[in-house]
Student: 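I am attaching a structure below and will ask some questions about it afterwards.
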Amino acid sequence: QTVVTQEPSLTVSPGGTVTLTCASTTGAVTGGHYPNWFQQKPGQAPRALIYSTSNKHSWTPARFSGSLLGGKAVLILSDVQPEDEADYYCLLCYGGDCVFGGGTKLTVL
Amino acid sequence: EVQLVQSGTAVKEPGESLKISCKASGYSFSNFWVLWVRQVPGKGLEWMGIIYPGDSETRYSPSFQGHVTISADKSVNTAYLQWRSLKASDTATYYCARHAGIGVPADFWGQGTLVTVPS
C-alpha cells in the first residue's frame, strides 16, 4: 500500500521561510504524480493551494510556491504570516487513485 | 461562483443506514468528477472515491470499496455518499470536492458533514 509522508510538525517565525516536503514510498515524486497542496485551519474545510506541482489557484497568496526537489514535492512558504498557521496536506496521484499525505502541522511562533 | 453545499450533521446508531449529500452550483455539474474525502476526528484526510455525474462512472479507493456507495443525480446537481450499516469507526467529517480533471483533483470544497456513530 502506497504511503505518502510529510513532516508531522514544523515551526517557523513570522517573516521567515519554511519548506514542507512530500515523499512517496514508491520512489521519487515526479510531475506525473500531479502533486497538490492543501491548507486546513481548525474547524474549516481544506482549501486548495497548489495543483500539478507548482500551479497556483487564483486565490493562492503569492508567498506560497510549489516545486520538486530531491525526489520530493515541496511547498515553500516565504514571508510567513501568523494566519499561515494551519495543517498542510499534500496529495499524490498514482494513475486513477490518489493518496493524501499525513499532514504537517505548521506553527508560526 | 462555484459552490458545494453539504447536508447537515448526522447522528446515527450502529447498524443504521445513512445517505449524505453534496449539492453543486455555479458550474456544469455533469462535466466534472466529484470527490469524497474522509477525516476522522484529529486525523488526516483520506481519499475515498470519485464519481462522474455525467454517466455515474465511479472509482473507489481500495480502502473504501465495498464499505460505502457513491452516487449522483445530475437532474438535481447532487452527489451522495451512502452507508448500508454504519459502524462506530465511520465517525468522521466527510467532505466533497470538485475534481477538475487530471492534475486538479480538488479545487472547490464543500463545508463538510459530521457523521457521528456512538459506540
Side-chain angles (χ1 to χ4, degrees), chain A residues 1-9 20 22 24 26 29-60 66-68 73 86-106, chain B residues 1-9 20 22-24 26-27 32-52 57-65 70 92-115:
Chain A
Q1 183 176 344
T2 302
V3 176
V4 177
T5 59
Q6 301 181 242
E7 298 86 358
S9 64
L20 286 67
C22 176
S24 172
T26 63
V29 176
T30 70
H33 293 104
Y34 304 104
N36 275 244
W37 291 92
F38 303 89
Q39 177 192 65
Q40 187 180 35
K41 296 182 179 180
Q44 296 184 16
R47 180 175 75 139
L49 291 175
I50 301 289
Y51 64 95
S52 291
T53 305
S54 59
N55 296 281
K56 300 179 187 181
H57 292 279
S58 59
W59 53 82
T60 303
S67 65
L68 297 174
D87 294 327
Y88 291 84
Y89 294 92
C90 68
L91 177 71
L92 300 179
C93 294
Y94 304 83
D97 198 15
C98 300
V99 180
F100 284 99
T104 295
K105 183 177 184 61
L106 182 67
Chain B
E1 179 192 8
V2 173
Q3 282 194 312
L4 297 167
V5 178
Q6 298 184 230
S7 49
T9 297
I20 63 175
C22 169
K23 184 171 178 60
Y27 72 97
F32 289 82
W33 294 79
V34 174
L35 161 69
W36 285 97
V37 174
R38 183 175 79 173
Q39 187 168 40
V40 172
K43 302 297 184 181
L45 305 175
E46 297 174 90
W47 179 283
M48 299 179 71
I50 56 175
I51 187 166
Y52 189 74
E57 179 182 349
T58 308
R59 302 175 187 173
Y60 294 93
S61 171
S63 299
F64 293 93
Q65 178 85 47
I70 295 172
T93 296
Y94 294 87
Y95 295 99
C96 64
R98 189 181 77 162
H99 186 308
I102 294 175
V104 195
D107 54 359
F108 293 90
W109 291 68
Q111 83 277 18
T113 295
L114 174 62
V115 174

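For clarity, every value in this text was computed on a predicted model and none was experimentally measured.
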Student: Within a strict 4.5 Å, meaning less than it, do heavy atoms of the D107(B) and Y51(A) side chains meet?
Tutor: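 When only atoms from C-beta onward are counted, Y51(A) and D107(B) do not touch, as no gap falls below 4.5 Å.
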Student: Shortest non-hydrogen contact from K43(B) to Y89(A)?
Tutor: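 That would be O-OH, 3.6 Å.
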Student: Side chain, backbone, both or neither: which part of Q44(A) has a non-hydrogen atom closer than 4.5 Å to chain B?
Tutor: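 Just its backbone gets close to chain B.
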Student: For F100(A) and L45(B), which heavy atoms make the closest approach, and how far apart are they?
Tutor: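 That closest heavy-atom pairing would be CB-O, 3.3 Å.
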Student: Between the side chain of N36(A) and the main-chain N/O of V104(B), is any donor-acceptor distance below 3.5 Å?
Tutor: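 No, the answer is negative, given that no donor and acceptor are paired below the 3.5 Å cut-off.
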Student: Can you label the angle between the F38(A) ring and the W109(B) ring as parallel, tilted or perpendicular, going by 30° and 60°?
Tutor: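 Rings of F38(A) and W109(B): perpendicular, over 60°.
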Student: Below 4.5 Å, heavy-atom pairs only: which of P35(A), P46(A), A45(A) has the largest tally toward chain B?
Tutor: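 Option with the greatest count: P46(A).
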Student: So do D97(A) and P62(B) actually touch side chain to side chain, heavy atoms under 4.5 Å?
Tutor: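 Side-chain contact under 4.5 Å: yes.
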Student: Does K41(A) have more than 12 heavy atoms from other residues, nucleotides or ligands lying within 6.0 Å of its NZ?
Tutor: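 Yes, the 6.0 Å shell around NZ holds more than 12 heavy atoms from other groups.
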Student: Among C93(A), A48(A), C98(A), G31(A), which has the most heavy-atom pairs under 4.5 Å with chain B?
Tutor: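 Ranked by heavy-atom pairs under 4.5 Å with chain B, first place is C98(A).
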Student: Sort S63(B) into side chain, backbone, both or neither according to what part of it lies under 4.5 angstrom from a heavy atom of chain A.
Tutor: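 The answer is the side chain of S63(B).
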Student: Identify which part of F108(B) has an atom lying under 4.5 Å from any heavy atom of chain A, answering side chain, backbone, both or neither.
Tutor: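 Side chain only.
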